[in-house]
Amino acid sequence: MADQTNPNDPNDQLHAMRHSLAHIMATAIQKLWPETKFGVGPVVENGFYYDVDINDRGDAKISEEDFAKIEAEMQAVIANNLPFERSELPIDEAIVWAQEHAQPYKEELLNDLKRAGTTVAKDLNADELGTIASADGATQVENVSFYRDGDFVDLCRGPHVESTGKVGAFKLMRVGGVYWRGKDNNPQMQRITGAAFATPKELRVYLDMLEEAKKRDHRKLGQELDLFVFSDMVGSGLPLFTPRGTIIRDELSNFTNNMRAQYGFQKVWTPHITKHDLYEKSGHWAKFGDELFLVASQETSDKMVMKPMNCPHHTRIYESQPRSYRDMPVRYMETTTIYRDEKAGELGGLSRVRAVTQDDSHVFCRQDQIETEINNLLACANELYETVGMKLRVRLSYRDESDGYLGPQELWNAAQTQLKNAVIANRLDYFEQEGEAAFYGPKIDFMATDAIGREHQVATVQLDFVQPERFGLDYTAEDGSKQTPVMIHCALLGSIERFMSVYIEHTAGKFPVWTAPEQIRLISVNQEPETVAFADAVSKQAWDLGLRLTVDNSNESVGKKIRASELMKIPYTIVVGDKEIDSGQVMPRIRKDMAVQDEAHAIGIEEFLKTVANEAKARVLKTSL
RNA sequence: GCCACCUUAGCUCAGCUGGUUAGAGCAGCUGUUUUGUAAACAGCAGGUCGUCGGUUCGAAUCCGACAGGUGGCUCCA
């Protein structure tokens, strides 16, 4: 959800309100559980949270049932309208304060802060740092500030509002377990998250958006619209696609395949299992070895694995022939399923699965071809997301200073610059982020905004100087020398499963004609032989036009059959009885989101079918009927 | 993998603090009805209450393990 306020802007009044609410919540929790140890309590998009540990023994936990209690305490603090008093202490005295008040987490933060410029900058993100002091991480901290609301004192940079009465509207949302400072070998605390806005009305709007998101949850719609299922017998993270869901998958991947075919991509096919040696060579084994599915062979002693990505396979095809500079670029694409042994807690619906289908592609090209190739891929991405009606912006994902990356720094710098130039040349809205790169190269990650304002990571274009080197790929240049090609990885949909989760929620299951599993439903008024014959004839015409039309000839009232069609969110419904048989015309019932005019009008049956077929071909979102 | 919560019919949900044959609506099936733009009527069938183990005279209900799911954390080639 787009947020008008900047959570990092300390001058923002809403920011101060949210910060103050975190403080007030801490006050309330301290009152209810006096032994509580506090972690950090920053402002986040749409609200605030506080990480707490309500007792040492770990045998007591805050649950959602406690929210009413906490909120009541908070309201009491707010009703008192006590001023927030700010004070400052030298850092060493602050550490003593933390010790005396048995606040080991605060003590740890203060000690890190004291060594500012060393560990703080690295381990603490700006937000967490911001909750305790005003240091920027690079300078030595001398004083830290405290805020007091009545009895409760909290170490905090602020700013806070003047008094506890001026905090706007809030609601506690959820509680979840978190690792102290995000490290999984640290103790676990509880994070209480609240939503907060300047007015009750704005809070209401936000809560309504969450309601709407719940209604269009792809797991719910996947069930209701019969798109995919899971089976305990098959396993977690392994979705099974029904006929309807499979149509959507195929339409999407055909689209991105055709688009790339126009830019010279050729389809290839590679097996789903391989010797693990392939990934030893690529570098993936060292980094992701424990997330591969192992396959035991009863015939050979080879250690086999399910493929977790396709790039190493594609390098084998490239390498199978000598390549000339004239052959470049070589462009392969393959829409195929890869397998990753994701941890159980990371799975969810179609968003994160263990069998991931990628519309994967790899370009092998010369240095001087990079720009054109990237431009082509950016054009494809633009066309795809324009067609599905999602706004795009891109993240330039760079490496950071850690040692998890392969290849020389100069190559990285060059690659990062080239990606940025391509993005600027294509006038894409972008932002840059360090630490988001793949281990073999920087990426352009596409973020799409859906119909209710949420942003999702989808397509990706990645530059790779490392794998061609490791696999010893080459081509013969004009002067007869051997040169190493550059690899460009790209997936336009990304993971089809993940894309579908986004797409289902974006459309709320109201698929446009081109992806709709069922495009037209024909409802018969009765089961007389003439009606059935007419329905069959229309059905045949539709089939010849490549349309997905189904006939509902069941012995039910027309009203009931209309309702069933509406519930399945089918784009067009036509009712067929004596009138239609006599006139040869139908009155299409158009799904509301697609209609451009209010009143329906009669149209010749053949013209209707042809119009719908053209709409499917053009992949339009609105009807021309 | 870690923390918390959840799992009753194909779906959505009742079933109070353990007590005789576990209920409803929708969907399904069978009749009747031949229907005109969001639900015709009647009947039938459908559950070893996620699985396994324990406590108890007695478990859908209490305890434990496992599986699956949800919300977080961590991770994401």
Side-chain angles (χ1 to χ4, degrees), chain A residues 49 51 53 58 61-65 173-193 214 217 219-220 223-224 226 229-238 279 282-292 307-312 338 340-349 351-352 356 358 360 404 406 436-441 443 445 457 460 462 464 466-467 489 491 494-495 498 521 523-528 531 553-568 573-580 586-590 600:
Chain A
Y49 69 76
D51 287 350
D53 180 0
K61 289 267 154 67
I62 293 175
S63 76
E64 287 193 24
E65 277 105 75
M173 301 300 289
R174 66 185 87 89
V175 53
V178 296
Y179 299 111
W180 167 235
R181 300 178 81 170
K183 298 221 170 58
D184 56 12
N185 46 356
N186 279 347
Q188 273 212 324
M189 307 181 71
Q190 288 188 287
R191 175 168 300 173
I192 320 293
T193 305
K214 220 170 177 178
D217 187 309
R219 291 166 295 206
K220 181 171 175 283
Q223 160 100 268
E224 289 171 3
D226 187 24
V229 296
F230 287 90
S231 159
D232 284 7
M233 251 187 264
V234 174
S236 188
L238 300 169
Y279 301 119
S282 69
H284 289 99
W285 184 260
K287 196 159 162 71
F288 299 107
D290 54 348
E291 285 169 56
L292 299 200
K307 66 174 174 184
M309 88 286 303
N310 307 300
C311 24
I338 58 175
R340 296 177 180 179
D341 199 358
E342 305 282 4
K343 298 194 170 45
E346 292 160 352
L347 302 169
S351 312
R352 190 83 178 266
V356 185
Q358 293 180 326
D360 208 359
L406 301 180
E436 289 289 336
F439 74 83
Y440 49 70
K443 306 190 282 182
D445 287 315
Q457 193 185 322
T460 177
Q462 311 177 357
D464 181 358
V466 172
Q467 290 195 65
H489 309 244
S495 142
R498 197 185 135 66
R521 182 168 294 188
I523 289 172
S524 62
V525 172
N526 56 45
Q527 282 78 49
E528 302 301 332
T531 314
N553 191 33
S554 59
N555 181 6
E556 297 288 353
S557 68
V558 169
K560 186 165 180 173
K561 292 198 273 191
I562 293 275
R563 180 178 151 80
S565 183
E566 287 281 347
L567 290 175
M568 290 305 276
T573 306
I574 52 175
V575 177
V576 165
D578 291 342
K579 274 194 299 197
E580 287 74 19
V586 288
M587 186 87 80
R589 191 184 162 99
I590 301 164

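Lettering follows sequence order; numbering is per chain, from 1.
- Between Asp184(A) atom CG and C73(B) atom P the separation is 14 Å, expressed in whole Å.
- In this structure, G71(B) forms a base pair with C3(B), meeting either the Watson-Crick or the G-U wobble geometry with both donor-acceptor distances under 3.5 Å.
- Using a 4.0 Å heavy-atom cutoff across all strands shown, Arg340(A) reaches at least one base atom of the nucleic acid.
- Spacing between atom CH2 of Trp180(A) and atom C1' of C2(B) amounts to 17 Å, rounded to whole angstrom units.
- You won't find any donor-acceptor pair under 3.5 Å spanning the side chain of Arg191(A) and the base of C73(B), going by distance alone.
- The nearest whole Å value for the distance from the CD atom in Gln190(A) to the P atom in U74(B) is 16 Å.
- Residue ring and nucleobase are not stacked for Tyr440(A) and A77(B) under a centre distance beneath 5.5 angstrom and an angle between planes beneath 30°.
- Going from atom CD1 of Ile192(A) over to atom P of C73(B) covers 13 Å, rounded to whole Å.
- Aromatic ring orientation, His284(A) versus Phe439(A): perpendicular (interplanar angle above 60°, classes split at 30° and 60°).
- None of Arg191(A), Arg181(A), Gln188(A), Gln190(A) except one satisfies the side-chain hydrogen bond (donor to acceptor under 3.5 Å, both in side chains) rule with Asp51(A); the exception is Arg191(A).
- Residue Arg174(A) is in sugar-phosphate contact alone, with no base atom involved, counting any heavy-atom pair closer than 4.0 Å across all strands shown.
- When rounded to the nearest whole Å, the span between CZ of Phe230(A) and C1' of G69(B) equals 10 Å.
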